[in-house]
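So that the names make sense, note that chain A is the first sequence line, chain B the second, and so on, each numbered from 1.
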Number of protein chains: 2
Amino acid sequence: MDRLTSHIDTIAGNCIAVRLRLLNRVVTNLYDDALRPLGLKASQLNILIVAAKLGLARPAKVCEILQLDTSTLSRNVERMRAQGWLEVVPDDDARAQPFRVTSRGMRLIEKAFPKWEAGQRQAEALLGEKGIALLDKAAKKLGGPSADR
Amino acid sequence: MDRLTSHIDTIAGNCIAVRLRLLNRVVTNLYDDALRPLGLKASQLNILIVAAKLGLARPAKVCEILQLDTSTLSRNVERMRAQGWLEVVPDDDARAQPFRVTSRGMRLIEKAFPKWEAGQRQAEALLGEKGIALLDKAAKKLGGPSADR
DNA sequence: CGCAGACAGTTGCATATACAATTAAATCCG
DNA sequence: CGGATTTAATTGTATATGCAACTGTCTGCG
């Protein structure tokens, strides 16, 4: 077995990215499937929830919490605004484009909750208690969302 | 605190998808940054490695291993073929489009190895030993890639 | 043989994602 | 005040991803 072959085996057997990305695809699909009847995706529910927690959501702040590129958020917000789930709020600073969840967006969260639970249950079964705890720990390191924001 | 508010807090405080997706973005960026000098993305390295392990890679098999939609793989392979990293191999069954890593693709893996190590180190620091072990366990449940394939 | 159904992949379409470049506005400071 | 810098977000471009619909090929069966 030559050097290159052993490199291939090392990556195949240990790469964190390949495993995390695979798991992400599977889990995202669980939630997307559950939420599909509402025309809502997991990515959008993430944003909706963060915005709901913030009240007034400043894009830079949301991006920090979710570790999202600002350009990504910009377009996601635009799509969700088009659906009437978010609305942009005027601000003193003319550069800013803070937004908030509309009442329609709030009703959507309400309808989404049982669907979210369904996806969450499946994801829990996949990861187990320990997996969830570890995920939580890693996400906290990155300043991710938590109940107290 | 009304019912909807408590739903929002429940999701914000417990959602596996939001955490996993966040972690996935961060970790994917670590590898993408490390691999950027080679014009290679983490997603593509995944495919390259699986194909290298398989020798002759059948799209359906690769999709099963990586839990990827066939349409996603189809396009990724096309891009990588355009780079000269993969080549399609003729097959008895005219429906099939098996592919393999070219020698140029193999040289790319060689150059990518130290870059991969850099990303891997950072990801390890982020997840810790236990995190990695749990990730491995979850990925195995899904028939993900492992050293012996 | 010939056709119905299964199977392997691709194509159309939409969202998610990030980097680089850009626009516009606020702020700093001489 | 006014230009240089910083900040906030958007726009251009490219890849990644998945669902639905489609194309072509194979297979089984009467």
S.K.: Start at the 5' end of DNA chain D and walk down; is the nucleotide closest to Gln83(B) or to Arg58(A) reached first?
M.R.: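 This one resolves to Arg58(A).
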S.K.: What contact category does Arg75(A) fall into here, base, sugar-phosphate, or nothing, at under 4.0 angstrom with non-hydrogen atoms?
M.R.: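 Base: the residue Arg75(A), judged by heavy atoms under 4.0 Å, touches a nucleobase.
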S.K.: Answer with base, sugar-phosphate or nothing: what part of the nucleic acid does Leu73(B) contact at a heavy-atom distance below 4.0 Å?
M.R.: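 Contact class for Leu73(B): none.
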S.K.: With the threshold set at 4.0 Å, does a side-chain nitrogen-carboxylate oxygen contact exist between Glu78(A) and Arg75(A)?
M.R.: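 Answer for the salt bridge query: no.
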S.K.: Regarding Asp69(A), tell me which of base, sugar-phosphate or nothing describes its non-hydrogen contacts under 4.0 Å with the strands shown.
M.R.: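 Touches a base.
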S.K.: Is any side-chain N or O of Ser74(B) closer than 4.0 Å to OP1 or OP2 of dT10(C)?
M.R.: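 It does, given that an N or O in the side chain of Ser74(B) lies less than 4.0 Å from OP1 or OP2 of dT10(C).
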S.K.: Out of dG18(D), dC19(C), dA16(C), which nucleotide sits closest to the side chain of Ser71(A)?
M.R.: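 Nucleotide nearest to Ser71(A)'s side chain: dC19(C).
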S.K.: Could you state the CZ-P distance from Arg25(A) to dC19(D), rounded to the nearest angstrom?
M.R.: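 Rounded to the whole Å, the gap is 12 Å.
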S.K.: For Ser43(B) and dA16(D), is the shortest distance between a side-chain N/O and OP1 or OP2 below 4.0 Å?
M.R.: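 Answer yes for this pair, as a side-chain N or O of Ser43(B) is under 4.0 Å from OP1 or OP2.
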S.K.: Tell me: CD1 of Ile47(A) to P of dT17(C), nearest whole Å?
M.R.: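 It is 7 Å, rounded to the nearest whole Å.
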S.K.: Looking at Arg21(B), does any N or O in its side chain come under 4.0 Å of the phosphate oxygens OP1/OP2 on dT17(C)?
M.R.: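 True: Arg21(B) side-chain N/O within range (under 4.0 Å) of dT17(C) OP1/OP2.
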S.K.: What is the separation between atom CG on Asn24(B) and atom P on dG18(D), rounded to the nearest whole Å?
M.R.: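 Rounding to the nearest Å, CG of Asn24(B) and P of dG18(D) are 11 Å apart.
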S.K.: Could you tell me the separation between the CG atom of Asn29(A) and the C1' atom of dA14(C), rounded to a whole number of Å?
M.R.: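 Asn29(A) atom CG is separated from dA14(C) atom C1' by 15 Å.
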S.K.: Categorize Asp33(A) for me: base, sugar-phosphate, or nothing, with a 4.0 angstrom heavy-atom threshold over every strand shown.
M.R.: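 Sugar-phosphate contact only.
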S.K.: From C-beta outward on Ala96(A), which listed nucleotide comes closest to its side chain: dA16(C), dA9(D), dT10(C)?
M.R.: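 The answer is dA9(D), which lies nearest to the side chain.
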S.K.: Applying a 4.0 Å non-hydrogen cut-off, can you work out what Asp32(B) is touching in the nucleic acid: base, sugar-phosphate, or nothing?
M.R.: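 Asp32(B): no heavy atom of the nucleic acid under 4.0 Å.
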S.K.: On DNA chain D, nearest-nucleotide positions of Asp92(B) versus Val26(A): which is more 5'?
M.R.: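 Going by which nucleotide is closer to the 5' end, it is Val26(A).
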S.K.: For Ser6(B) and Asp9(B), which I'm curious about, is there any donor-acceptor pair between the side chains at under 3.5 Å?
M.R.: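 Absent: no donor and acceptor within the cut-off.
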S.K.: If only side-chain N and O atoms of Gln44(B) are considered, is one of them under 4.0 Å from the OP1 or OP2 phosphate oxygen of dA16(D)?
M.R.: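 Yes, such a contact exists.
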S.K.: Do Leu56(B) and Trp85(B) sit in the same hydrophobic cluster, where Ile, Leu, Val, Met, Phe, Trp and Tyr count as joined when their side-chain heavy atoms come under 4.5 Å apart?
M.R.: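 In one cluster with Leu56(B): Trp85(B), no.
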S.K.: For Ala42(A), is there any backbone N or O sitting under 3.5 Å from a side-chain donor or acceptor partner on Asp32(A)?
M.R.: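 At least one qualifying donor-acceptor pair exists.
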S.K.: Is it true that Val101(A) and Val89(A) fall in one hydrophobic cluster, defined by side-chain heavy atoms closer than 4.5 Å?
M.R.: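 Looking at the clustering, Val89(A) is in a separate group from Val101(A).
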S.K.: Would you kindly give the CG-to-P distance between Leu35(A) and dA16(C), to the nearest whole Å?
M.R.: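 The distance from CG of Leu35(A) to P of dA16(C) comes to 12 Å, rounded to the nearest Å.
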S.K.: From C-beta outward on Ala94(B), which listed nucleotide comes closest to its side chain: dT11(D), dC26(D), dA20(D)?
M.R.: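 Shortest atom-to-atom distance from the side chain points to dC26(D).
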S.K.: Let me confirm one number: the CD1-NZ distance from Ile11(B) to Lys53(A), rounded to the nearest 0.5 Å.
M.R.: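 Ile11(B) CD1 to Lys53(A) NZ: 11.0 Å, rounded to 0.5 Å.
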S.K.: Hey, could you give me the CG/CG distance between Leu135(B) and Leu135(A), rounded to the nearest 0.5 Å?
M.R.: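 So the gap between those two atoms works out to 9.0 Å.
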S.K.: Between atom CD in Glu64(B) and atom P in dG9(C), what is the gap in whole Å?
M.R.: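 Nearest whole value for this atom pair: 12 Å.
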S.K.: The side chain of Lys41(A) lies closest to which of these nucleotides: dT15(C), dG18(D), dG9(C)?
M.R.: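 Of dT15(C), dG18(D), dG9(C), dT15(C) is nearest to the side chain of Lys41(A).
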S.K.: Please work out if Glu78(A) contacts a base, only the sugar-phosphate, or nothing of the nucleic acid, heavy-atom cut-off 4.0 Å.
M.R.: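 No contact.
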S.K.: Atom CZ of Arg36(B) and atom C1' of dA14(D): how far apart are they, to the nearest Å?
M.R.: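 Taking atom C1' of dA14(D) as the reference, CZ of Arg36(B) is at 12 Å.
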S.K.: May I ask you to evaluate whether Asn76(A) reaches the phosphate of dT15(C), defined as a side-chain N or O under 4.0 Å from OP1 or OP2?
M.R.: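 Asn76(A) to dT15(C) OP1/OP2: no side-chain N or O under 4.0 Å.
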S.K.: Check the phosphate of dA16(D) against Arg79(B), side-chain N and O only, distance under 4.0 Å to OP1 or OP2. Yes or no?
M.R.: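 Arg79(B) to dA16(D) OP1/OP2: side-chain N or O found under 4.0 Å.
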S.K.: Let me know the distance between CE of Met80(B) and C1' of dA14(D), rounded to the nearest Å.
M.R.: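 Whole-Å distance recorded here is 16 Å.
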S.K.: So, OP1 or OP2 of dT23(C): does either fall under 4.0 Å of a side-chain N or O from Arg95(A)?
M.R.: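 So the side-chain polar atoms of Arg95(A) never come under 4.0 Å of the phosphate oxygens OP1 or OP2 of dT23(C).
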